[in-house]
Amino acid sequence: MPKQKNPLSFLPFSFEYDPLKKSGSFLVPIASIIVALFLCAIFIALNGMNPFIIYGKMLKGAFGSSFGISETLIKAIPLLLCGLGVAIAYRISIWNIGAEGQFVLGAIGATAVTIYFPNLPGSLYLPLMVAAGMLAGGLWGVLTAIPRTYFQVNELITSLMLNYVALLLLDYFVFGPWRDPEGFNFPGTPMFTPFQMLANIGGTRLHIGLIVAFVMVLLFAFTIAKTKWGYELKLLGANPSAAASAGIRIDKHILIVMIISGGLAGLAGMIEVSGVAHRLMYGISPGYGYTAIIVAWLAKLNPWAMVVTSIFIGGLTVGGFSVQTIGLPSSMSLMLQGAILFCLIGGEMLSKYRFKWKKA
């Protein structure tokens, strides 16, 4: 079969694919955000609106006041925790996209403590709710890990399907046995008592879940950088064959990582019901588990960078609500998030190509 001629062969340069090439540390994410904002600006302008006014309104709504900053941080907390959860799985090439379901199970587990143990001493509620939320999320993560470990079932499929199972389970509880009989048929549980709610910070809606999230960042960073187990995760992610030859059990690490990954997302669910909603209700998550994938990839799985990216994405969400005052839907932020993810994937692919001048 004759070799096909390259239609771009007349150019004085070429692109060569190199799968081992590493992109600049944060060049691709930053460029992806800039390109996504530019593309969305073109779309906004074609619809007869000024993109500078739109972006300025979003920026002011998210960071232009103490209320906006507190709301942005409230959105950033679950994004950061779920982002840490998916990041630790991605480090060993386990593609956990089930953080949404694990988040919901964490919220259900925490609420179960308030439903089935109504007469506990007040000081016991929050520790038990944290434990129940993390346990429920961790067990939901194991449901993905077991088929992956012992039957080689693709974790993308199982984790995604379990998201929908978790959402249906949530519907069952809030429309069924846990529905508040005095809630005017609203699909939600009775309001939590003050002992079951996280304390607020500075008279705002911002709560101490922010401190918990930063503690998790510290633990994540220390574990990855300073412990033997963290080194084993790095080795597994870089070269699974070499890790297996060194005696590192891949199946055991997959199970442990998915328990931790699901536990972090479950903790985010507990914090959301206890610190923000103060009850379990229909639609408790607006998609935190899915958005956390963008948070983790923008940060290139770096826990400290995830603090920045979670605040950035949280700001986009709050800014999306602020543009409603000028007649735009809040889904404006979803368009930006989708564009950023699209550009990020494309940028990562292009970063694997080497630019090379042809010899004379």
Side-chain angles (χ1 to χ4, degrees), residues 19 22 78-106 134-166 216-217 219-221 223-225 227-269 288-303 305-306 309-310 341 344-345 348-349:
K22 293 184 178 180
L79 291 175
L80 177 56
L81 289 170
C82 290
L84 291 172
V86 299
I88 196 169
Y90 292 164
R91 280 188 170 271
I92 61 171
S93 299
I94 298 298
W95 310 108
N96 176 26
I97 58 172
E100 181 75 2
Q102 294 147 17
F103 176 96
V104 170
L105 259 291
M134 295 187 73
L135 179 62
L139 290 177
W140 210 248
V142 168
L143 294 181
T144 296
I146 290 176
R148 168 66 173 80
T149 303
Y150 298 107
F151 304 103
Q152 301 304 309
V153 177
N154 191 311
E155 68 274 9
L156 287 170
I157 298 173
T158 52
S159 60
L160 179 61
M161 292 175 65
L162 285 170
N163 287 341
Y164 298 105
V165 176
M216 292 298 107
V217 171
L219 289 175
F220 186 105
T223 300
I224 295 299
T227 65
K228 176 185 175 183
W229 187 68
Y231 172 76
E232 291 177 349
L233 291 184
K234 291 179 183 178
L235 184 59
L236 276 171
N239 194 327
S241 300
S245 301
I248 299 175
R249 288 184 55 189
I250 298 177
D251 55 350
K252 182 183 75 172
H253 280 76
I254 291 175
L255 290 170
I256 294 173
V257 159
M258 284 304 299
I259 290 173
I260 296 173
S261 180
L264 286 168
L267 176 61
Y288 288 130
Y290 296 117
T291 310
I293 299 172
I294 305 176
V295 169
W297 277 110
L298 275 177
K300 299 183 76 70
L301 311 185
N302 183 302
M306 269 185 272
T309 56
S310 62
L341 180 60
L344 184 62
I345 294 172
E348 291 291 346
M349 292 176 61

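Below, each value reflects all heavy atoms present in this structure, side chains not excepted, and no hydrogens, waters or symmetry copies.
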**Message:** When you measure from the side chain of N163 to the backbone of T158, do you find a donor-acceptor pair of N or O atoms at a distance under 3.5 Å?
**Reply:** no
**Item:** Non-neighbouring partners of Y90 that pass ring-ring contact (aromatic ring centres under 6.0 Å, His included), sequence neighbours left out
**Value:** W95, W297
**Fill in**
Closest non-hydrogen atoms of A292 and V86, given as atom of the first, atom of the second and distance, are O-CG2, 3.9 Å
**Complete:** Rounded to the nearest 0.5 Å, the CH2 atom of W229 sits from the CG atom of L236 at a distance of 10.0 Å
**Spacing of I146 atom CD1 and D251 atom CG [to the nearest 0.5 Å]** = 12.0 Å
**Prompt:** At what distance, to the nearest 0.5 angstrom, does CD of Q102 lie from CD1 of I97?
**Reply:** 10.5 Å
**Request:** For F103 and C82, work out which heavy atoms get closest and say how close.
**Result:** CD1-SG, 3.9 Å
**Request:** Report the distance from atom OG1 of T291 to atom CG of L79, rounding to the nearest 0.5 Å.
**Result:** 6.0 Å
**Request:** Name all pairs fulfilling the salt bridge (charged side-chain N to carboxylate O under 4.0 Å, His left out) condition that reach into residues 94-104, sequence neighbours left out, sorted by first residue then second.
**Result:** none
N/O donor to acceptor pairs below 3.5 angstrom from side-chain atoms of residues 253-266, sequence neighbours left out:
unit_1, atom_1, unit_2, atom_2, d
H253, ND1, R249, O, 2.8
H253, NE2, E232, OE1, 2.8
S261, OG, G85, O, 2.6
S261, OG, N96, ND2, 2.8

**Fill in**
Distance col, row L301:CG vs I88:CD1, nearest 0.5 angstrom, shows 10.5 Å
**Fill in**
In terms of heavy-atom contacts, P303 and L84 come closest through CB-CD2, 4.1 Å
**Asked** Pairs in or reaching into residues 143-154: which pass side-chain hydrogen bond (donor to acceptor under 3.5 Å, both in side chains), with residues at least two apart or in two chains?
**Response** R148-E155
**Nearest heavy-atom neighbours spanning V142 and P147** = O-CD, 4.3 Å
**Message:** N302: which residues meet the side-chain hydrogen bond (donor to acceptor under 3.5 Å, both in side chains) condition with it, sequence neighbours left out?
**Reply:** none
**Complete:** Output for pair (I92 CD1, L235 CG), nearest 0.5 Å, gives 11.5 Å
**Item:** Sequence-distant partners of T309, side-chain contact (heavy atoms from CB on, under 4.5 Å), two or more places apart
**Value:** V295, L298, A299, M306
**Message:** Donor-acceptor check, side chain of R91 to backbone of G237, threshold 3.5 angstrom: yes or no?
**Reply:** no
**Asked** So do the side chains of Y290 and L160 get within less than 4.5 Å of each other, counting heavy atoms only?
**Response** yes
